[in-house]
2 protein chains.
Amino acid sequence: MDIKSKIGIRIKELREQKDMSQKDLSFFSNIDRSYIASVENGQRNISIVNIEKVSIALGISLKEFFNNDKFDNDSRSC
Amino acid sequence: MDIKSKIGIRIKELREQKDMSQKDLSFFSNIDRSYIASVENGQRNISIVNIEKVSIALGISLKEFFNNDKFDNDSRSC
DNA sequence: TTGTAGACTGGAGTCGACC
DNA sequence: GGGTCGACTCCAGTCTACA
């Protein structure tokens, strides 16, 4: 599975855990909502600066953001 | 400290641990060497696709790449 | 609430060269 | 081996709008 899709799924799962809408996340991260939608769907190649903004908006560190099976070398999650 | 600088330092420390030159890393990741130099110096906002390429070239997972104090919320490392 | 589309601007990333 | 420059292309990211 493509890294862009993994990132998108990760953002979506964290966002929903926090009961936030894309609009909420857009507001707190200061990133355009339509862009967040396309990132969540694995269509866009997000930069590290914006990944950090998203992490902060989600209330976690970058370390926690990437501390997930999806980002292991041999994930069987897909 | 800025996230771009943290990423740059992390790449440089991992690269040097593996005894690779910027040219080596450029070759294995298929990313331009001059661009890698500017990323290591915290001048560029690298995208997730290229962070993954660098991780693969360095022989580690993204999870390991970000599993570092620098990417914690309240790092005292600087 | 989310997906997507079109039009737009700035910057990511390439390439060649020089120190 | 590494830093940086200039010129280039193309996509990241914004904004508005509609289903």
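Each chain gets a letter, A, B and so on, in the order the sequences are listed, and its residues count up from 1. Heavy-atom basis, side chains included; hydrogens, waters and symmetry copies ignored.
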Looking for any heavy atom pair under 4.0 Å, which part of the strands does A/N30 touch: base, sugar-phosphate only, or nothing? sugar-phosphate
Any residue meeting side chain to side chain contact (heavy atoms under 4.5 Å, CB included) with A/D32, in chain and number order, not counting sequence neighbours: A/S34, A/Y35
Tell me what B/E16 touches on the nucleic acid: a base, only sugar-phosphate, or nothing, going by heavy atoms under 4.0 Å. nothing
CD1/A/I46 to CD1/A/I11 distance, rounded to the nearest 0.5 angstrom? 4.5 Å
Let me confirm one number: the CG-CZ distance from A/N68 to A/F66, rounded to the nearest 0.5 Å. 10.0 Å
Any side-chain N or O of A/N45 below 4.0 angstrom from OP1/OP2 of C/dA12? no
Spatial distance of atom CD1 (B/I31) from atom OG (B/S26) [nearest 0.5 Å]: 8.0 Å
Below 3.5 Å is the cut-off: list the nitrogen or oxygen pairs between protein and nucleotides 16-18 of chain D, distance only.
none

Are B/K70 and B/E13 ion-paired here, with the side-chain N under 4.0 Å from a carboxylate O? yes
For A/Q43 and for B/R15, find the nucleotide of DNA chain D with the closest heavy atom, then tell me which residue's nucleotide is more 5'. B/R15
Counting side-chain heavy atoms from CB outward, which of D/dG3, C/dT4, C/dA12 is closest to B/K12? D/dG3
Starting at atom CD1 of A/I36, determine the distance to atom P of C/dG3, rounded to an integer number of angstrom. 11 Å
Between CZ of B/R44 and P of D/dT4 the distance, given in whole Å, is 12 Å
Rounded to the Å, how far apart are A/D19 CG and C/dT1 P? 12 Å
Are a donor atom and an acceptor atom from the side chains of A/S21 and A/D24 found within less than 3.5 Å of each other? yes
Rounded to whole Å, how long is the line connecting atom CE of B/M20 with atom C1' of D/dG1? 14 Å
Spacing of B/E40 atom CD relative to D/dG1 atom P, expressed in whole Å: 13 Å
Just the rounded figure in Å: distance from C1' of D/dC11 to CD1 of B/I48. 16 Å
As a test of reading the structure: which of D/dG1, C/dT4, C/dT14 is closest to the side chain of B/S21, going by heavy atoms? D/dG1
Distance check needed: C/dG16 C1' versus B/K23 NZ, whole Å only. 13 Å
With a 4.0 Å cutoff (strictly under), does any side-chain N or O of A/Q22 reach OP1 or OP2 of C/dG3? yes
So, OP1 or OP2 of C/dA12: does either fall under 4.0 Å of a side-chain N or O from B/N50? no
